Amino acid sequence: MWQPASERLQHFQTMIKSKLNVLTLRKEPLPTVIFHEPEAIELCTTDPLIKPRPQAGCKVTYLGKLSTTGAQFSTGCTEQPVIELWKKHTLTREDVFPSNAILEIRPFQVRLHHLDIKGEATVHMDTFQVARIAYCTADHNVSPNIFAWVYREINDDLSFQMDCHAVECESKLEAKKLAHAMMVAFKKTFHSMKSDGRIHKNNSSEDVSQGFESDDG
């Protein structure tokens, strides 16, 4: 069918407009963004939740030390120093005095780990060389729970002094166990030193034990 030129032009423009509407990329409105306040975050410590390893040894109350004299030590030599240490300590102690240290006896070395008021181990520790211990005993009249040892302390000028150290155990049995453990530690130390050549081969344990006496009951 014949159409005037003006109508054909109008029809063509309508078709073009329709095509453009399809091909044209229409911008959609951006979605609404809602910002929320962050929730509270609980910060945890980075330290591993591992309980400290308990110290090996016996809980005791360290009574202190007192210089003593003599070259030969035998039964009763620690009685007087222990009495003085006991009296001095009981002046400030409560009815039930808590343990303030852990005594650990091992070959070559005895360790006294000091505890804080909460009963936890501190960095403070006293060490005693087993070879310098001249005598130990758990037999005391003032209290059967006391274990004591005589230690040869070497001073800065290379002189030495004999100190009596004493601890109060929780029971008489614990004190006896410490005395026995000290003798076992001495024997192991002696045999090791003998194997290393630090003690002459012709010396027996009985000869060396003259410098170390133990009364473990």
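Model, not experiment: these values are computed from the prediction. Keep in mind that the numbers below use all heavy atoms, side chains included, and drop hydrogens, waters and symmetry copies.
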Handout entry: Glu79 side, atom CD; Cys164 side, atom SG - distance, nearest 0.5 Å
Key = 10.0 Å

Problem - Whether His165 and Trp149 hold their rings parallel, tilted or perpendicular, with breakpoints at 30° and 60° - result: parallel

Handout entry: side chain to side chain donor-acceptor pair (under 3.5 Å) partners of Ser171, counting only residues at least two apart
Key = none

Practice task
Check whether any side-chain heavy atom of Ile133 lies under 4.5 Å from a side-chain heavy atom of Val150, and answer yes or no.
Solution key: no

Completion exercise
Leu85 meets the side-chain contact (heavy atoms from CB on, under 4.5 Å) criterion, sequence neighbours left out, with Leu63, Leu66, Ala166

Handout entry: Ser159 side chain to Asn155 backbone, donor-acceptor under 3.5 Å
Key = no

Handout entry: Note, Cys169 side chain near Leu178 side chain (heavy atom, < 4.5 Å)
Key = yes

Completion exercise
Asp163 meets the side chain to side chain donor-acceptor pair (under 3.5 Å) criterion, sequence neighbours left out, with Ser67, Gln161

Exercise for the section: Check the pair Thr75, Thr137 against side chain to side chain contact (heavy atoms under 4.5 Å, CB included), reporting the backbone distance first and the verdict last. Expected result: CA-CA 8 Å; Thr75 302; Thr137 181; over 6 Å; no

Handout entry: Value rounded to 0.5 Å, distance of NZ in Lys176 from NE2 in His180
Key = 12.5 Å

Handout entry: Separation between CD1 of Ile83 and OG1 of Thr78, rounded to the nearest 0.5 Å
Key = 9.5 Å

Handout entry: Pairing residues for Arg106 by the side chain to side chain donor-acceptor pair (under 3.5 Å) criterion, not counting sequence neighbours
Key = Glu104

Handout entry: Between NE2 on residue His113 and CG on residue Leu115, distance to nearest 0.5 Å
Key = 9.5 Å

Problem - Residues forming a side-chain contact (heavy atoms from CB on, under 4.5 Å) with Pro107, sequence neighbours excluded - result: Lys188, Thr189

Handout entry: Side chains of Lys59 and Glu170 in contact at under 4.5 Å (non-hydrogen atoms)
Key = yes

Handout entry: Ile146 side chain near Val167 side chain, heavy-atom distance below 4.5 Å
Key = no

Problem - Neighbour count >12 (heavy atoms, 6.0 Å) for atom CG, Asp156 - result: no

Exercise for the section: Is it possible for you to say whether Phe160 and Tyr135 belong to one hydrophobic cluster, with membership spreading through side-chain heavy-atom contacts below 4.5 Å? Expected result: yes

Problem - Single-linkage hydrophobic cluster, 4.5 Å side-chain cutoff, Val60 and Met125 together - result: no

Problem - Donor-acceptor side-chain pairing of Asn145 and Ser143 below 3.5 angstrom - result: no

Handout entry: Between CZ on residue Phe190 and OG on residue Ser195, distance to nearest 0.5 Å
Key = 9.0 Å

Completion exercise
The reported gap from CZ in Phe186 to CE in Met193 (rounded to nearest 0.5 angstrom) is 8.5 Å

Exercise for the section: Sequence neighbours left out, what passes side chain to side chain donor-acceptor pair (under 3.5 Å) with His114? Give chain and number order. Expected result: Asp126

Exercise for the section: For Ala138 and Ala179, work out which heavy atoms get closest and say how close. Expected result: CB-CB, 4.2 Å

Problem - Sub-6.0 Å ring centroid separation between His140 and Phe147 - result: no

Handout entry: Candidate pair Arg111 and Ile105, rule side chain to side chain contact (heavy atoms under 4.5 Å, CB included), full reasoning
Key = CA-CA 6 Å; Arg111 299 178 178 179; Ile105 300 176; over 6 Å; no

Practice task
Would you check if Tyr62 and Glu168 make a side-chain contact, meaning some heavy-atom pair closer than 4.5 Å?
Solution key: no

